[in-house]
Participant: 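Please read through the structure below; I'll follow up with questions.
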2 protein chains.
Amino acid sequence: MKKHDHTALLSRVREDLPTDDRLCDLADLFRLFGDTTRMRILYALSEAELCVCAISELLGMTQSAISHQLKVLKDGDLVACRREGKTVYYFLADDHVRRIIDQGYEHLTEEKEL
Amino acid sequence: MKKHDHTALLSRVREDLPTDDRLCDLADLFRLFGDTTRMRILYALSEAELCVCAISELLGMTQSAISHQLKVLKDGDLVACRREGKTVYYFLADDHVRRIIDQGYEHLTEEKEL
DNA sequence: CATTCAAATGAACACCTGTTCATATGAAAG
DNA sequence: CTTTCATATGAACAGGTGTTCATTTGAATG
């Protein structure tokens, strides 16, 4: 009398699965969007390119906190920056960022309609 | 001599920003995707509906760990389940989940091409 | 109703993450 | 070269998160 057997099903599922490395990268990517501060920064940058102190003013948070998060976002290639004198302007790295956020936003709004 | 002034820009940006509640919900949503175990579960479920023990076998993790994560995913309305005797089968709650993951996946693959 | 198997739950613990505070870098201006 | 302003960075700390272990629930079966 054996336990519940899934070997057949599981080997089929396993085939179509991306590698663990890939899935880990994917989770890492989404984790970047999974913090309120970072989400607010990303949304702000989707409206306009902004310098660090403007963002910290906008969000009512310390310059240090913003700077740390911008580093995280930059390391994850979600934002990029350019320097102009003492000021550093940040902006979204590409349209994917916007699209990912939009997809999430849609999910939320449609969820509410139910 | 005043500091850098952004009031005009900031009030414009502020107008187009969703409420903080909304942005927090959005971050909460993405946070669900931001863990390797949950991502592996979601991807597996995008291939087939699976019971808890099948998932734990597939991922090589304890039933308890999987069960805890499934609860998180269910509370976040990313997955749903149906019971059949002693067995509980989990599946993706809707197509949005797949689309969000796909969007992220695309981002990763296109990033590599550069 | 006792047993068995699948799943869920709670407490505990180690690890990770985000913020703060203090300080450093780096560019422009005096 | 010193000062000033914008930004970056490092250490430290608090709170959150994921896993494990032990236990419980709940359905089917003898």
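Below, chains carry the letters A, B, ... as their sequence lines are ordered, and counting in each starts from 1. As a basis for the values below, the full set of heavy atoms in this structure was taken, side chains included, without hydrogen atoms, waters or symmetry mates.
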Participant: So, B:Arg31 side chain and A:Thr36 main chain: donor-acceptor pair closer than 3.5 Å or not?
Facilitator: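 Answer holds: no.
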Participant: Rounding to a whole Å, what distance do you find between B:Met39:CE and D:dG18:C1'?
Facilitator: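 One finds 16 Å between C1' of D:dG18 and CE of B:Met39, rounded.
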Participant: Return the value, rounded to whole Å, for the distance between atom CG of B:Asp75 and atom C1' of D:dT17.
Facilitator: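 Answer to the nearest Å: 15 Å.
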Participant: With a 4.5 Å heavy-atom cut-off, do A:Tyr90 and A:Ile41 have their side chains touching?
Facilitator: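 No; the side chains remain at least 4.5 Å from each other.
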Participant: Just wondering, do B:Leu78 and B:Val72 contact through their side chains at under 4.5 Å, heavy atoms?
Facilitator: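 Side-chain contact under 4.5 Å: no.
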Participant: Which whole-number value in Å describes the distance from B:Tyr89 OH to C:dA6 P?
Facilitator: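 Computing the B:Tyr89:OH to C:dA6:P distance gives 11 Å.
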Participant: Classify the angle between the aromatic ring planes of A:Phe33 and B:Phe30 as parallel (below 30°), tilted (30 to 60°) or perpendicular (above 60°).
Facilitator: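 It falls in the tilted class, 30° to 60°.
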Participant: Identify which nucleotide among C:dT9, C:dG26, C:dC5 has an atom closest to any side-chain atom of B:Lys71, counting heavy atoms from C-beta outward.
Facilitator: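 For B:Lys71, the side-chain atoms sit closest to C:dT9.
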Participant: Whole angstroms only, please: what is the CG-C1' distance between B:Leu59 and D:dT20?
Facilitator: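 Answer to the nearest Å: 16 Å.
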Participant: Once each nucleotide of nucleotides 10-17 of chain C is scored for protein heavy atoms under 4.0 Å, what B/S/- sequence comes out, 5' to 3'?
Facilitator: B------S
Participant: Does A:His6 reach the side chain of B:Leu58, with side-chain heavy atoms less than 4.5 Å apart?
Facilitator: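 No, every pair of side-chain atoms sits at 4.5 Å or beyond.
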Participant: Are the side chains of A:Gln69 and A:Arg40 in contact, using a 4.5 Å heavy-atom criterion?
Facilitator: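 No, side chains not in contact.
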Participant: Tell me: CZ of B:Arg83 to C1' of D:dG26, nearest whole Å?
Facilitator: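 So the two atoms are 6 Å apart, to the nearest Å.
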Participant: According to salt bridge (Lys or Arg N to Asp or Glu O under 4.0 Å), who are the partners of A:Lys71, at least two apart in sequence or on a separate chain?
Facilitator: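 Applying salt bridge (Lys or Arg N to Asp or Glu O under 4.0 Å) to A:Lys71 gives A:Asp75.
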Participant: Rounding to a whole Å, what distance do you find between A:Arg82:CZ and C:dA27:P?
Facilitator: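 After rounding, the reported distance stands at 16 Å.
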Participant: Could you list by number each residue of residues 41-56 of chain A showing a heavy-atom separation from DNA chain D of less than 4.0 Å, or answer none if no residue does?
Facilitator: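 By residue number: A:Cys51, A:Val52, A:Cys53.
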Participant: Indicate whether OP1 or OP2 belonging to C:dT19 is found under 4.0 Å from a side-chain N or O atom of A:Gln69.
Facilitator: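 Looking at the OP1 and OP2 atoms of C:dT19, one of them is under 4.0 Å from a side-chain N or O of A:Gln69.
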Participant: Looking at C:dT19, I'd like to know if its phosphate oxygens (OP1 or OP2) sit under 4.0 Å from a side-chain N or O belonging to A:Thr37.
Facilitator: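 It does, given that an N or O in the side chain of A:Thr37 lies less than 4.0 Å from OP1 or OP2 of C:dT19.
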Participant: Does a side-chain N or O from A:Thr87 land closer than 4.0 Å to OP1 or OP2 of D:dA6, or not?
Facilitator: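 A:Thr87 to D:dA6 OP1/OP2: no side-chain N or O under 4.0 Å.
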Participant: Atom NZ of A:Lys74 and atom P of D:dT9: how far apart are they, to the nearest Å?
Facilitator: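 Answer to the nearest Å: 8 Å.
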Participant: Using a cut-off of 4.0 Å on non-hydrogen atoms, how would the nucleic acid contact of A:Ser67 be classed: base, sugar-phosphate, or nothing?
Facilitator: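 Base contact - A:Ser67 has a heavy atom under 4.0 Å of at least one base atom.
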Participant: Does A:Tyr90 make a side-chain N or O approach to OP1 or OP2 of D:dA8 shorter than 4.0 Å?
Facilitator: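 For D:dA8, OP1 or OP2 has a side-chain N or O of A:Tyr90 closer than 4.0 Å.
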Participant: Is B:Arg99 reaching over with its side chain to a backbone N or O of A:Gln103, donor-acceptor style, under 3.5 angstrom?
Facilitator: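 Not at all, since once roles are kept as given, no pair shorter than 3.5 Å links the two residues.
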Participant: What are the two closest non-hydrogen atoms of B:Arg98 and B:Ser46, and how far apart are they?
Facilitator: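 So the two residues come closest at NH1-O, 3.0 Å.
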Participant: Does B:Met39 reach the side chain of B:Ile101, with side-chain heavy atoms less than 4.5 Å apart?
Facilitator: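 A side-chain contact exists here, since the closest heavy-atom pair is under 4.5 Å.
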Participant: Quick check for you: among C:dA7, D:dA6, D:dT19, whose closest atom lies nearest to any side-chain atom of B:Gln63?
Facilitator: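 Selected nucleotide: C:dA7.
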Participant: Rounded to the nearest Å, what distance is computed from the NZ atom of residue B:Lys86 to the P atom of nucleotide C:dC5?
Facilitator: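 Distance, rounded to whole Å: 7 Å.
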